2 protein chains.
Amino acid sequence: MEVCITSLLRDRGFKVTPQRLAIYNMLSSTKSHPNAEMIFNELQAMYPTMSLATVYKTMEILKEIGLVQVLNAGEDSFRYDAVMTNHPHVRCTECGQVEDVYDINIDAFVNEVSQGTKYQIMGQQFYFHGICPTCQRKNSN
Amino acid sequence: MEVCITSLLRDRGFKVTPQRLAIYNMLSSTKSHPNAEMIFNELQAMYPTMSLATVYKTMEILKEIGLVQVLNAGEDSFRYDAVMTNHPHVRCTECGQVEDVYDINIDAFVNEVSQGTKYQIMGQQFYFHGICPTCQRKNSN
DNA sequence: TTTTTTATAGAAAACAATTATCGAGTAGTT
DNA sequence: AACTACTCGATAATTGTTTTCTATAAAAAA
């Protein structure tokens with residue numbers, strides 16, 4: 001993993017720094033789709049001098065070299081995902097958590113849209129919203 | 001149309017004001033999915049004292065009474081749509097315009113996701129991005 | 001219609017997410 | 001070890017959005 005990001009950075013003329021590795025490692029080992037602030041908060045314990053600006057700048061680079069994708073699930077901040085396969089996401093409107101939607105084949109649907117529009121489709125994002133199992137349980141009590 | 005919005009506002013205890021009618025009329029007569037600033041700019045000629053805050057507050061109300069939906073096509077601002085049917089949108093990554101995707105039946109896909117997740121799905125937003133016909137033509141010159 | 005009540009418009013300030021600036025420091029190269 | 005260029009992080013700046021406050025306009029009451 002680190003070999004991968006290390007060489008990807010170097011090949012593009014970016015330097016390999018502890019902050020960048022830490023940010024990418026944190027992101028690739030969580031399924032919480034954190035935003036910049038969540039990443040910043042989590043890393044502050046280990047890297048007390050970490051700055052939010054560094055998180056943003058690093059995300060910009062990681063996006064550029066294709067290691068993260070940016071999510072925009074209708075909130076006021078962007079979330080980040082180190083899983084690069086394009087899958088739908090679902091956000092709980094009560095607790096705010098964002099999860100992956102697994103086992104869904106989107107190709108047929110994407111193809112249908114691609115053929116039905118005059119746009120040259122380059123990508124897509126599917127966002128569902130609803131109530132997560134935990135909040136459903138809370139509500140029924 | 002105006003009868004509709006007028007009574008919808010009154011029934012909920014909101015007052016019917018020229019600004020609110022103007023904002024809704026402008027939105028419902030365009031397909032450009034404008035953001036707050038675009039709405040503000042367009043109305044400034046006719047309503048010179050119009051304020052951006054009024055646009056935002058009005059959109060909040062219109063969303064609440066179910067007359068507009070909020071779009072978030074991966075940009076840094078929200079767009080608004082007076083068409084309430086839930087259809088996919090496509091954004092041109094070059095010129096930035098956002099258009100509707102017509103003639104696509106999303107029900108089957110939505111159902112598949114609904115059944116494959118433990119969430120209680122309440123809604124969804126599908127965003128595609130690519131290059132619009134106009135920009136494609138520009139590029140090939 | 002006139003009066004009274006209550007919500008609203010709009011200016012300005014506050015806020016929050018993100019980006020830009022810049023000097024000190026560090027990674028990678030020689 | 002020394003050099004060079006990139007990066008970090010503090011701070012300021014920007015941008016989209018929300019809040020506050022008060023004169024005023026809309027709805028209700030008289």
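In what follows, chains are A, B, ... by sequence order, proteins preceding strands, each numbered from 1. Scope of the values below: all heavy atoms of this structure, side chains included, with no hydrogens, waters or symmetry mates. Please read these numbers as outputs of a predicted model, since none were measured by experiment.
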Margin query: Please confirm whether the shortest side-chain N or O distance from Thr49(A) to OP1 or OP2 of dC8(D) is below 4.0 Å.
Written below: no
Notebook entry, point to check: Only one of Val55(A), Thr54(A), Ile61(A) forms a side chain to side chain contact (heavy atoms under 4.5 Å, CB included) with Thr58(A), so which one is it?
Noted result: Thr54(A)
Note to self: Using salt bridge (charged side-chain N to carboxylate O under 4.0 Å, His left out), reason through Lys63(A) and Glu60(A) one step at a time and then give a plain yes or no.
What the structure shows: CA-CA 5 Å; Lys63(A) 179 179 66 178; Glu60(A) 182 64 33; 3.6 Å; yes
Item checked: Results of side chain to side chain contact (heavy atoms under 4.5 Å, CB included) for Glu37(B) - residues two or more places apart only -> Asn35(B), Asn41(B)
Checklist line | Separation of dA9(C) P from Gln44(B) CD (nearest whole Å) | finding: 16 Å
Check: Are the side chain of Asn86(B) and the backbone N or O of Gln124(B) linked by a donor-acceptor pair below 3.5 Å?
Finding: yes
Item checked: Position toward the 5' end of DNA chain D (nearest nucleotide), Asn35(B) or Val16(B) -> Asn35(B)
Notebook entry, point to check: Rounded to whole angstroms, how far apart are OH on Tyr80(A) and P on dA17(C)?
Noted result: 12 Å
Next item on the list: Could you check how far CG of Leu9(B) sits from C1' of dA7(C), rounded to whole Å?
Entry: 12 Å
Notebook entry, point to check: When the ring planes of Phe109(B) and Phe126(A) are compared, do they come out parallel, tilted or perpendicular, using 30° and 60° as the limits?
Noted result: perpendicular
Checklist line | Interatomic distance, Arg10(A) CZ vs dT7(D) P [rounded to whole Å] | finding: 12 Å
Note to self: Expressed as a whole number of angstroms, how long is the span from Leu21(B):CG to dT8(C):P?
What the structure shows: 13 Å
Check: Can you check whether Ser77(A) has a side-chain N or O nearer than 4.0 Å to OP1 or OP2 of dA17(C)?
Finding: no
Check: Checking all strands, does Pro18(B) fall into the base, sugar-phosphate, or nothing category for heavy-atom contacts under 4.0 angstrom?
Finding: sugar-phosphate
Note to self: Measuring from the side chain of Arg20(A) (C-beta onward, heavy atoms only), which nucleotide among dT8(C), dA17(C), dT7(D) has the closest atom?
What the structure shows: dT7(D)
Next item on the list: Can you check whether any acceptor in the base of dA5(D) is under 3.5 Å from a donor in the side chain of Lys15(A), or vice versa?
Entry: yes
Next item on the list: Determine: side-chain N/O of Gln19(A) to OP1/OP2 of dG9(D), distance under 4.0 Å, yes or no.
Entry: yes
Next item on the list: Give a yes or no answer on whether the side chain of Ser28(A) reaches the backbone of Asn25(A) with a donor-acceptor pair at less than 3.5 Å.
Entry: yes
Check: Roughly, in whole Å, what's the span from CZ in Phe78(B) to P in dA17(C)?
Finding: 11 Å
Check: In whole Å, what is the span from the CZ atom of Phe40(B) to the C1' atom of dG16(D)?
Finding: 13 Å
Checklist line | Within residues 50-76 of chain B, residues whose heavy atoms come under 4.0 Å of DNA chain D | finding: Ala53(B), Tyr56(B), Lys57(B), Asp76(B)
Item checked: Parallel, tilted or perpendicular: ring planes of His89(B) versus His33(B), cut at 30 and 60 degrees -> perpendicular
